[in-house]
Amino acid sequence: MDNPQIAAVFEELAELLEFRGENPFRIRAYQNGARAIRDLDEPIREIAQDPERDLSKLSGIGKTLAEKIGVLLETGSLPQLVELRESVPEVVIAMSRIPGLGAKKAAKLHEELDLNSLDDLAAACREGKVAAIKGFGKKTESSILDGLAIAKAASERIYWANADVIVANLTEHMKNCETISQMQWAGSYRRCRETVGDLDLLAVASDRTKAMDFLESYPGRASTILRGDTKISIRVEKSFQVDMRLVEADQFGAALQYFTGSQAHNIHVRRIAKEHGLKVNEYGVFRIDDETRVAGTTEEEVYASIGLPVIAPELREDRHEFEWAANQTLPELIEPAHMRGDLHMHTSATDGHNTIREMADAAIDRGLTYIAITDHSKRVTVAGGLDEDRLLEQWKIIDEIRDEYSDRLTIYKGIECDILEAGGMDLPDEVLGQGDWVLASVHFGQKQPRDQITDRILGAIENPHVHCIAHPTGRLINRRDPYEVDMDAVMKAAKQHGKFLELNANPARLDLNDIHLAAAKRLEIPIVINTDAHRIEGLDVMRFGILQARRGGLTAADVANTLDVESFTKLRKNMGQI
DNA sequence: GCCGTTTTCGGCCCGACTGTTTTCAGTCG
């Protein structure tokens with residue numbers, strides 16, 4: 001089992017224990033353990049096998065969890081989990097996913113009414129059986145019915161890029177609200193997570209009622225979920241939740257810090273604050289002994305009050321950021337202005353929509369100084385992939401137009417060559433050897449077992465004509481799981497053979513993920529961030545890749561295509577690629 | 001279940017909102 005799989009076991013364990021009414025701190029210990037393992041940038045198996053190291057020394061892992069990890073690594077399962085699964089009916093778990101119902105209420109409903117499905121629950125609500133239970137009432141009953149209707153859509157996290165569009169529209173609307181003097185988006189949107197579950201808007205308003213009315217007048221509003229004195233929640237576009245919190249101007253920094261999260265990061269902030277004799281909440285920072293307020297207007301103040309510099313929102317996951325902040329070693333994260341090249345794009349020769357010249361001109365418009373043209377190889381028949389002859393023909397064209405671009409843009413002769421199902425590359429070595437830049441990628445046989453697909457990718461890495469693995473895990477967020485590939489083995493091989501790994505900037509892909517990126521950084525494997533553009537506008541997704549890189553803690557120095565052409569060439573020479 | 005320059009026991013972040021309650025539990029973030 002790998003880190004995510006082990007983390008998933010403890011997450012499920014925590015969830016099931018909640019239904020059993022276990023000690024909430026014990027539940028949280030399992031959740032913390034799961035997070036610690038998921039966030040680890042090295043394989044937990046290696047730590048377990050290293051006689052010099054001790055799993056229980058990891059933060060959040062104690063004696064009990066270390067033992068259970070051992071069992072999982074050895075046997076692949078945990079008897080405790082099997083038992084718990086049998087004791088908690090699936091329908092109870094399904095019920096707890098309905099907004100407003102948690103573990104306690106779901107368990108109570110199941111206990112009082114004989115329910116076998118969500119349909120049974122809906123029927124019970126309509127018959128008034130739910131309202132008759134002690135602790136439940138008419139309103140709960142109707143909100144369960146509402147919740148059932150939207151449960152599926154409401155639980156779906158959307159791509160950051162799509163949330164960004166909603167944010168832009170709502171910002172445009174709210175800008176016209178005269179009573180609001182200050183506003184900012186917080187939450188996972190501000191932390192630039194690859195997906196966003198809801199949006200948090202923070203605002204200072206002289207008239208809160210008017211500000212809430214104004215939000216409710218947003219044309220895209222579908223409904224209002226709740227409205228109190230300081231907080232309102234609405235749904236936009238049928239199901240997506242948007243919260244607005246109204247705070248005083250001198251609380252803005254504390255509120256921004258608080259609502260940006262993550263929850264784990266905030267818990268850590270408050271723990272440090274306690275050690276300083278301080279209490280942090282969304283209204284400010286206060287001395288515990290006499291309630292004196294010491295900070296709150298800006299985020300800088302809040303962090304400074306506990307002796308830390310401001311931490312970039314992308315890093316606020318309680319991974320390494322507190323250690324870095326304390327040591328003054330927070331990374332200077334990569335920014336869009338750092339990018340010089342884009343080494344993965346398609347043209348109308350295969351499934352792209354623009355010509356080489358159009359892509360080149362668009363790249364120049366975007367401030368790039370080098371690109372690689374990387375159309376598909378012949379195996380990708382649906383895309384009209386290039387065979388040997390057509391590829392050599394395309395490279396001849398690139399040779400011909402290179403001179404006229406030479407003072408502005410270097411154009412590399414590239415290919416996105418498929419790694420075949422049975423292993424091996426889709427084009428012969430003597431052809432690949434004539435190009436400048438060879439991406440290798442998996443498009444077929446994605447569901448192969450772990451060993452098989454890992455071997456295919458390792459084979460590509462060992463091929464001297466391959467320079468980079470494109471979209472190394474193949475996942476499509478919310479739509480397709482990653483290959484069962486052993487990423488640790490891929491990274492070690494990439495390091496050993498001097499190959500790049502791609503961070504694919506397409507908002508549906510974004511592989512590598514933040515944990516992979518942190519691991520690559522630790523192993524000093526150079527990353528390239530590529531757009532995989534299929535048309536001119538596709539070049540603009542670069543910024544999504546950069547946000548993902550920031551979440552991995554990458555600086556410009558960790559990303560090879562921030563280098564100018566000369567330095568990039570020098571790096572490749574040092575890696576033995578040319 | 002985890003953790004420790006006050007602690008190996010006794011804590012564990014903190015508050016808003018809701019619904020069903022007469023003072024609070026559950027849920028959410």
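The chains referred to below are lettered A, B, ... by the order of the sequence lines, with proteins before strands, and numbering in each begins at 1. The model shown is predicted, which means the values in this text are computed figures rather than measured ones.
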Between [N] and [M], how far apart are the two [atom1] atoms, rounded to whole Å?
N	M	atom1	answer
dG15(B)	dG10(B)	P	25 Å
dT21(B)	dT27(B)	P	15 Å
dC28(B)	dT23(B)	P	25 Å
dC2(B)	dT8(B)	C1'	12 Å
dT20(B)	dA25(B)	C1'	10 Å
dT22(B)	dG11(B)	C1'	31 Å
dC3(B)	dC13(B)	P	13 Å

Inset, instruction - Please indicate whether K129(A) has more than 12 foreign heavy atoms, meaning atoms of other residues, nucleotides or ligands, lying under 6.0 Å from its NZ. - result: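 No, not enclosed.
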Legend entry - Strand partner of dC28(B), provided both Watson-Crick or wobble distances fall under 3.5 Å: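 Pair assignment: dC28(B) / dG15(B).
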Could you tell me how far apart [X] ([atom1]) and [N] ([atom2]) are, to the nearest whole angstrom?
X	N	atom1	atom2	result
F286(A)	dC13(B)	CZ	P	19 Å
K57(A)	dG1(B)	NZ	P	19 Å
L246(A)	dG15(B)	CG	C1'	16 Å
K105(A)	dC28(B)	NZ	C1'	12 Å
I267(A)	dC13(B)	CD1	P	6 Å
Y189(A)	dG29(B)	OH	P	20 Å

Base, sugar-phosphate alone, or nothing: which one does [X] contact when heavy atoms must sit under 4.0 Å apart?
X	answer
D229(A)	sugar-phosphate
L58(A)	sugar-phosphate
L65(A)	sugar-phosphate

Inset, instruction - Check whether any side-chain heavy atom of F10(A) lies under 4.5 Å from a side-chain heavy atom of L65(A), and answer yes or no. - result: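 Yes, their side chains come closer than 4.5 Å.
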Legend entry - Min side-chain heavy-atom separation L84(A)-L13(A) under 4.5 Å: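 With C-beta onward as the side chain, the pair touches.
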Legend entry - Out of dT18(B), dG19(B), dG1(B), whichever nucleotide has its closest atom nearest the side chain of K139(A):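 Taking heavy atoms from C-beta onward, the closest nucleotide is dG19(B).
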Inset, instruction - Side chain of D200(A) only, please: which of dG29(B), dG19(B), dT27(B) is the nearest? - result: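 Looking only at heavy atoms from C-beta outward on D200(A), the closest nucleotide is dG29(B).
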Inset, instruction - May I ask you to decide if the ring planes of W185(A) and Y189(A) are parallel, tilted or perpendicular, using 30° and 60° as cut-offs? - result: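 Rings of W185(A) and Y189(A): perpendicular, as their planes differ by over 60°.
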Under 4.0 angstrom between [X] side-chain N/O and [N] OP1 or OP2:
X	N	result
Y258(A)	dA16(B)	no
K274(A)	dC12(B)	yes
R270(A)	dC12(B)	no
N266(A)	dC13(B)	no
S59(A)	dC2(B)	no

Inset, instruction - Test for a donor-acceptor pair under 3.5 Å between the base of dG29(B) and the side chain of D198(A), counting only N and O atoms. - result: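 By the distance-only test, no, there is no pair.
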Inset, instruction - Name the orientation of the base relative to the sugar in dT7(B): syn if the glycosidic angle is within 90° of 0, else anti. - result: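 Nucleotide dT7(B) adopts syn.
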Legend entry - Along DNA chain B (nearest heavy atom to each residue), the more 5'-positioned of S56(A) and Q263(A):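 Taking each residue's closest nucleotide, the earlier one in sequence belongs to S56(A).
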Inset, instruction - On DNA chain B, check which nucleotide each of L278(A) and R26(A) is closest to and give me the residue with the more 5' one. - result: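 Going by which nucleotide is closer to the 5' end, it is R26(A).
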